[in-house]
Structure formats: structure tokens, C-alpha cells
Amino acid sequence: MWLTNSSLGRKVVMSITGLFLLLFVTFHVLMNTVALISGSAYNAVCEFLGANWYALVATAVLAAGFIAHIIYAFWLTLQNRKARGNDRYAVTARPKSVEWASQNMLVLGIIVIAFMVVHFAQFWAKMQLVELLHQADATVDASLAADGMHHIENAFSQLWTLPVYLIGLVALWFHMTHGFWSAFQSIGVSNNKWIARFKVLGNWWATIVIGLFVIQAVVFTCQFAA
């Protein structure tokens, strides 16, 4: 199959799943912004996006896209290393035309994955997962599953959460800024003028999204860890 047997096909899968994840991150930061405005409104959103069938379908699609993105990232990295062989050790300087993020996407991705594991443990595992377990076993306490503000307070009342989030968000910023324009390049946009525009758009998009996440993390820490 072209999407798996060719390098170009694998890059297309990486691009499509990456753009899909960017859209989810954008939705996520907008959802979290509601928590800065109204805790009750945020809890209403959390309740709406609980263990309903449409939320479960969205979660399954998101998980599939996330897993595919990770698998193809490692696959392409191993392929590139194999193709370069020992030549990669002879490089002593990075070409000026190659961005730092491009050379370190795998490392940045690993940091982002570690950050996501912490985030899932603090929120998804205590919210949607608990609701699912409650549906399978009524003895499981799901009274706080949809109380998003409770879980935000619980997470950011711990001082270690903020530095972990900041490190993860910085890595995500680099990953997003490079991934945005390179995704369009991989799916066929080769015009230098448009690539330059996508770089600017990606930088602005990533900066606004990650900036909002940072503001939220700092505000919640100041509010709940005091």
C-alpha cells in the first residue's frame, strides 16, 4: 500500500495526522479558556463531553490519529537514519537552511509524549475513563468525573505541575511551528512563497495556542497552589 510502502506515503500520513492533532489542540485550548471565565460553564462543557457516544467516537479517532502519528514518526526517523548510515556521524555543523526544530523533531516528540502521559493521568484517567468504568461497574465512584474544575485544582495545586507543563508546552510549540508548514510541504505545496506564508501562519498559530495554555497553567497555579 502506497501510504505504508513509500517514504512519501508515510510523510503524507504524518502530515494529515499532525494537522488533525493541531486542530484538536486548538479546540482543547479554547475549551480550557472557558475555565478561566467560568468554572460552572467549564464543568457544563466537561459534562457534555463525558462518556457519550459522540465523545467516545471522537476520543477513539483522536487516539488513532495520535498513535499513527507516533508510529510513523519513529518509522520515518529509523528510515532516514538507515538511509544516511554512518554519514550522519560525519556532520559537524547544521546547514543554515535547516531549522533546529527539524533536526530535533523526534526528541521534541518524546518530550511531548511524556507531557501528554502526565496530562492524561491528571485529567482523562480521572474523568472520561472513570465514567466508562462506572458504566461497566456501578460501584465505581464517578461523582467527580465531570467536575473539571475539581481536577484542575487538584492538578495545579501541586507545584511540580507548572514546570512540567511549561517544559512540555515549549516542546509542543517547537513541534507545532515546524510541523505546520512541513505538513503542507509533504502533501504537495512546493511553492516557496506559500511555504514562507505557512511558516508565518504556523508561528502565529502555535504562539497563540501555546501562549493561552501557558497563561492558563500560570493562572491556575497562582489560584490553587497559593
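Owing to the predicted nature of the structure, the values given are computational and were not obtained by experimental measurement.
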Review point. Are the side chain of Asp147 and the backbone of Asn43 linked by a donor-acceptor contact shorter than 3.5 Å?
Key: no

Practice item. Mind checking the CG-CG spacing from Leu172 to Leu108? Nearest 0.5 Å is all I need. Key: 9.5 Å

Point to revise | Taking every non-hydrogen atom, the tightest pair across Ala145 and His151 | key: O-NE2, 4.1 Å

Exercise for review: Kindly work out whether a path of hydrophobic side-chain contacts (I/L/V/M/F/W/Y, heavy atoms less than 4.5 Å apart) joins Leu56 to Leu62.
Suggested key: no

Exercise for review: List for me each residue that meets ring-ring contact (aromatic ring centres under 6.0 Å, His included) alongside Phe24, sequence neighbours excluded, and say none if there are none.
Suggested key: His28

Exercise for review: Report yes or no: do Thr26 and Trp205 form a side-chain donor-acceptor pair below 3.5 Å?
Suggested key: yes

Check your understanding: Between Met127 and Met31, is there a shared hydrophobic cluster once you connect ILVMFWY residues whose side-chain heavy atoms come closer than 4.5 Å?
Key -> yes

Exercise for review: Give a yes or no on this: more than 12 heavy atoms of other residues, nucleotides or ligands lie within 6.0 Å of atom CH2 of Trp160.
Suggested key: yes

Check your understanding: Are Leu132 and Val130 connected, step by step, through hydrophobic side chains (Ile, Leu, Val, Met, Phe, Trp, Tyr) whose heavy atoms are closer than 4.5 Å?
Key -> no

Practice item. Carefully, step by step, assess Met149 and Phe224 under the rule side-chain contact (heavy atoms from CB on, under 4.5 Å). Key: CA-CA 11 Å; Met149 290 306 301; Phe224 300 119; 4.0 Å; yes

Check your understanding: Are Ile111 and Ile210 grouped together when hydrophobic residues (ILVMFWY) are joined by side-chain heavy atoms under 4.5 angstrom apart?
Key -> no

**Study point:** Any Ile167 side-chain heavy atom under 4.5 Å of Phe115 side chain
**Key:** no

Practice item. For Phe220, check ring-ring contact (aromatic ring centres under 6.0 Å, His included) against everything at least two apart and list the hits. Key: Phe156

Check your understanding: Just by distance, do the side chain of Asn154 and the backbone of His150 share a donor-acceptor pair under 3.5 Å?
Key -> no

Review point. So, for Ser15 and Ser182, which heavy atoms are closest and what is the spacing to 0.1 Å?
Key: OG-O, 4.3 Å

Check your understanding: Phe48 and Tyr54: aromatic ring centres closer than 6.0 Å?
Key -> yes

Exercise for review: Test Gln216 against every option in Leu36, Thr221, Leu169 by the side chain to side chain contact (heavy atoms under 4.5 Å, CB included) rule and name the one that passes.
Suggested key: Leu36

Check your understanding: Taking a hydrophobic cluster as the set of Ile, Leu, Val, Met, Phe, Trp and Tyr residues connected by side-chain heavy atoms closer than 4.5 Å, whether directly or through intermediates, do Phe27 and Phe213 fall within one such cluster?
Key -> yes

Review point. Which distance, rounded to the nearest 0.5 Å, do you find between the CD1 of Ile215 and the OG1 of Thr33?
Key: 8.5 Å

**Study point:** Where His69 and His175 come nearest, the two heavy atoms and their spacing
**Key:** NE2-NE2, 4.1 Å

Review point. When you measure from the side chain of Asn203 to the backbone N and O of Thr177, does any donor-acceptor pair fall under 3.5 Å?
Key: no

Check your understanding: Ignoring hydrogens and geometry, is there a side-chain-to-backbone donor-acceptor pair from Gln128 to Gly50 under 3.5 Å?
Key -> yes

Check your understanding: What is the minimum heavy-atom distance between Lys126 and Ala121, and which atoms define it?
Key -> CE-O, 3.7 Å

Practice item. Check step by step if side-chain contact (heavy atoms from CB on, under 4.5 Å) holds for Phe20 and Ile16. Key: CA-CA 6 Å; Phe20 169 71; Ile16 294 174; 5.6 Å; no

Practice item. Write down the atom of Ser38, the atom of Ala41, and the distance for their closest heavy-atom approach. Key: OG-N, 3.1 Å

Study note, to complete from the structure: So NZ of Lys199 and CZ of Phe180: to nearest 0.5 Å the spacing works out to 13.0 Å

Exercise for review: Check whether any side-chain heavy atom of Ile37 lies under 4.5 Å from a side-chain heavy atom of Val34, and answer yes or no.
Suggested key: no

Review point. Does Phe123 have its ring centroid less than 6.0 Å away from the ring centroid of His119?
Key: yes

**Study point:** Cys46 to Gly148 - nearest heavy-atom pair and separation
**Key:** SG-CA, 3.9 Å

Exercise for review: Evaluate the criterion side-chain contact (heavy atoms from CB on, under 4.5 Å) for residue pair Gln122 and Tyr165; output intermediate values, then yes/no.
Suggested key: CA-CA 12 Å; Gln122 289 181 324; Tyr165 271 58; 2.8 Å; yes

Exercise for review: Decide yes or no on side-chain contact (heavy atoms from CB on, under 4.5 Å) for Tyr42 and Ile152, but give the supporting numbers first.
Suggested key: CA-CA 11 Å; Tyr42 178 71; Ile152 287 178; 3.5 Å; yes

Point to revise | Thr17 side chain near Phe66 side chain, heavy-atom distance below 4.5 Å | key: no

Revision key, fill the gap. Rounding to 0.5 Å, atoms CD (Glu131) and CG (Leu49) come to a distance of 10.0 Å

**Study point:** Atom CD of Glu47 with >12 non-hydrogen neighbours under 6.0 angstrom
**Key:** no

Point to revise | Which residues share a ring-ring contact (aromatic ring centres under 6.0 Å, His included) with Phe120, sequence neighbours left out | key: none

